[in-house]
Peer 1: 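Here it is, the structure, as structure tokens.
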2 protein chains.
Amino acid sequence: MNKPLARTRIQRKNIALISEAALNIFSAQGFRGATVDQIAREASLSKPNLLYYFPSKEAIHTHLLSTLMDTWLDPLRELQATGDPLDEILTYVRRKLEMSRDHPRESRLFANEIVQGAPHILGLLGTDLKTLVDEKAAIIAGWMAEGRLAPADPHHLIFSIWSLTQHYADFDVQVRAVLGPDRPDPFPQAEAYLTTLFTRMLSVAPQGPA
Amino acid sequence: MNKPLARTRIQRKNIALISEAALNIFSAQGFRGATVDQIAREASLSKPNLLYYFPSKEAIHTHLLSTLMDTWLDPLRELQATGDPLDEILTYVRRKLEMSRDHPRESRLFANEIVQGAPHILGLLGTDLKTLVDEKAAIIAGWMAEGRLAPADPHHLIFSIWSLTQHYADFDVQVRAVLGPDRPDPFPQAEAYLTTLFTRMLSVAPQGPA
DNA sequence: ATTCCTTTTGACCTTTTGGTCAAAGCCACG
DNA sequence: CGTGGCTTTGACCAAAAGGTCAAAAGGAAT
């Protein structure tokens with residue numbers, strides 16, 4: 001309940017400015033690695049001015065995390081029982097991969113948080129996130145029971161989609177280093193690879209259905 | 001070249017002690033999140049005593065990283081062109097998954113480092129690591145060219161093995177939160193899932209070879 | 001233009017942190 | 001059993017970092 005609604009346009013502008021700057025710094029340095037001075041400089045604000053909008057460094061971080069959690073889970077929310085099973089999965093994979101490509105900072109912010117034990121959002125993981133995943137896993141399990149997807153553990157299927165797609169954001173520097181400096185954009189290859197992977201994994205009649 | 005050879009047994013003991021403690025702290029808090037006092041306390045040493053064995057916090061971190069890099073890549077080194085292709089890959093997957101289960105701290109140490117841009121080991125990624133991966137990718141590409149594995153991008157295949165297996169160490173807290181508090185050990189399921197995944201992905205005649 | 005509220009800032013405070021140092025303790029070996 | 005090198009530590013330091021505060025500056029409605 002810090003600054004739930006930005007009343008004036010100056011507030012809106014500066015809170016957006018701070019959020020942008022904080023996303024840059026936190027995603028690159030982690031929570032403890034980031035300093036308030038860095039964020040203030042990045043936002044072109046004085047430190048006391050930044051602290052005027054957020055009561056503490058932790059408040060900025062929490063604000064970011066909870067704001068982003070929603071958008072982060074949107075692709076999974078879109079997975080609908082009514083669609084074609086394989087299409088739904090592949091669309092989810094592509095949407096997640098797009099997020100890694102277009103929002104790597106958000107991905108790294110979460111990665112930093114989770115790797116270090118999710119100290120700030122542990123609660124959400126076991127409640128909101130678990131609920132959503134269980135719901136979608138049930139849909140997938142339904143498809144498999146109907147014979148419309150090859151059988152596999154639905155939860156681990158979702159984990160595998162997360163890990164594979166987020167890898168291209170979180171471990172970007174490693175991916176690029178291994179591929180070499182000549183190939184600047186690994187994402188098209190990644191999309192082709194992941195499409196093949198999940199198609200082969202989940203197709204009921206692997207070499208083309210009847 | 002700080003303390004390449006531990007001369008006395010006291011040195012050996014204390015350097016091992018410090019390494020253990022530092023691995024605990026660094027993997028849980030990241031480089032900047034860890035403090036020398038924490039590591040010293042964890043090692044039951046006074047801070048000046050710790051600094052007697054390593055010249056700085058950064059030196060401890062670098063020492064850990066380079067020591068562990070080797071063991072970390074061992075499973076990949078074991079992948080041999082002479083073996084059965086699918087077996088070799090599945091063995092690699094299982095070895096990597098075992099490392100996630102038995103050495104999660106090491107995995108998180110690397111994850112922390114890479115997510116934050118690999119500031120301390122960027123060099124190694126583009127040289128040693130790239131060389132090894134290119135070599136093994138060539139073996140895999142050879143298998144595919146011979147028709148002994150289904151075609152796929154070998155580099156991205158390796159990335160996918162890394163991301164899927166390390167996910168269970170690095171994002172352990174998320175995995176457990178989503179699966180629920182009742183199922184304490186996700187690794188057996190993970191092994192089954194990953195075996196299925198890569199078998200379906202790479203089998204030439206997907207429903208059992210002739 | 002005045003007034004009241006919002007916004008901004010320079011100066012400052014405290015705690016944390018990486019690191020130093022001189023002196024003391026310890027240990028092995030002659 | 002003494003001596004010289006290895007090991008340990010209490011005290012200390014400077015820089016960095018999170019955060020505060022009172023006062024100045026700005027803005028908008030009357």
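All values reported here derive from a predicted model rather than from experimental measurement. Labels below follow one simple rule: chain letters A, B, ... track the order of the sequence lines, proteins then strands, and each chain is numbered from 1.
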Peer 1: Taking the basic N atoms (NZ, or NE/NH1/NH2) and the acidic carboxylate oxygens, is any pair closer than 4.0 Å for A:Arg176 and A:Asp182?
Peer 2: no
Peer 1: Specify the separation, in whole Å, of atom CZ of B:Arg41 and atom C1' of D:dT9.
Peer 2: 17 Å
Peer 1: Starting at CG of A:Asn49 and ending at P of D:dG26, how long is that distance when rounded to a whole Å?
Peer 2: 13 Å
Peer 1: Once you round it to whole Å, what is the distance between C1' of D:dA17 and CD1 of A:Ile60?
Peer 2: 13 Å
Peer 1: Taking only the side-chain heavy atoms of B:Pro48 (C-beta and beyond), determine which of D:dT20, D:dT9, D:dG18 contains the nearest atom.
Peer 2: D:dT9
Peer 1: Assess the side chains of B:His63 and B:Tyr53: does a donor N or O sit below 3.5 Å from an acceptor N or O?
Peer 2: no
Peer 1: Calculate the interatomic distance between A:Lys57 atom NZ and D:dG19 atom C1'; express it in whole Å.
Peer 2: 12 Å
Peer 1: So that I can tick it off, tell me whether A:Lys47 and A:Asp37 are bridged by a salt bridge, with the cut-off set at under 4.0 angstrom between side-chain N and carboxylate O.
Peer 2: yes
Peer 1: Do we see a donor-acceptor contact under 3.5 Å between the side chains of A:Asp134 and A:His155?
Peer 2: yes
Peer 1: Quick check: on DNA chain C, is the nucleotide nearest A:Arg32 upstream (toward 5') of the one nearest A:Ser44, or the reverse? Name the residue that is more 5'.
Peer 2: A:Ser44
Peer 1: With a 4.0 Å cutoff (strictly under), does any side-chain N or O of B:Tyr52 reach OP1 or OP2 of D:dT8?
Peer 2: no
Peer 1: Check every atom of D:dT8, D:dG19, D:dA17 against the side chain of A:Lys47 and return the nucleotide holding the closest atom.
Peer 2: D:dG19
Peer 1: Between B:Arg77 and B:Glu135, is the closest basic N to carboxylate O distance under 4.0 Å?
Peer 2: no
Peer 1: In whole angstrom, what separates A:Gln11's CD from D:dA28's P?
Peer 2: 13 Å
Peer 1: What is the nucleic acid contact for A:Ala34, judged by heavy atoms within less than 4.0 Å: base, sugar-phosphate only, or nothing?
Peer 2: sugar-phosphate
Peer 1: Whole Å only: how far is the CZ atom of A:Phe26 from the C1' atom of D:dA17?
Peer 2: 13 Å
Peer 1: Could you tell me whether B:Lys57 sits above the aromatic face of B:Phe31, with NZ or CZ closer than 6.0 angstrom to the six-membered ring centre and within 45 degrees of the axis?
Peer 2: yes
Peer 1: Please give, in whole Å, the distance from D:dT7 C1' to B:Leu45 CG?
Peer 2: 10 Å
Peer 1: I need the CZ-C1' distance between B:Arg12 and D:dC6, as an integer number of Å.
Peer 2: 14 Å
Peer 1: Below 4.0 Å from chain B heavy atoms, what is the first contacting nucleotide of DNA chain C and what is the last?
Peer 2: C:dT17 to C:dC21
Peer 1: Run the salt-bridge test on A:Asp102 and A:Arg95 with the 4.0 Å N-O cut-off and return the result as yes or no.
Peer 2: no
Peer 1: Taking only the side-chain nitrogens and oxygens of B:Asn14, find out if one of them lies under 4.0 Å from OP1 or OP2 of D:dT8.
Peer 2: yes
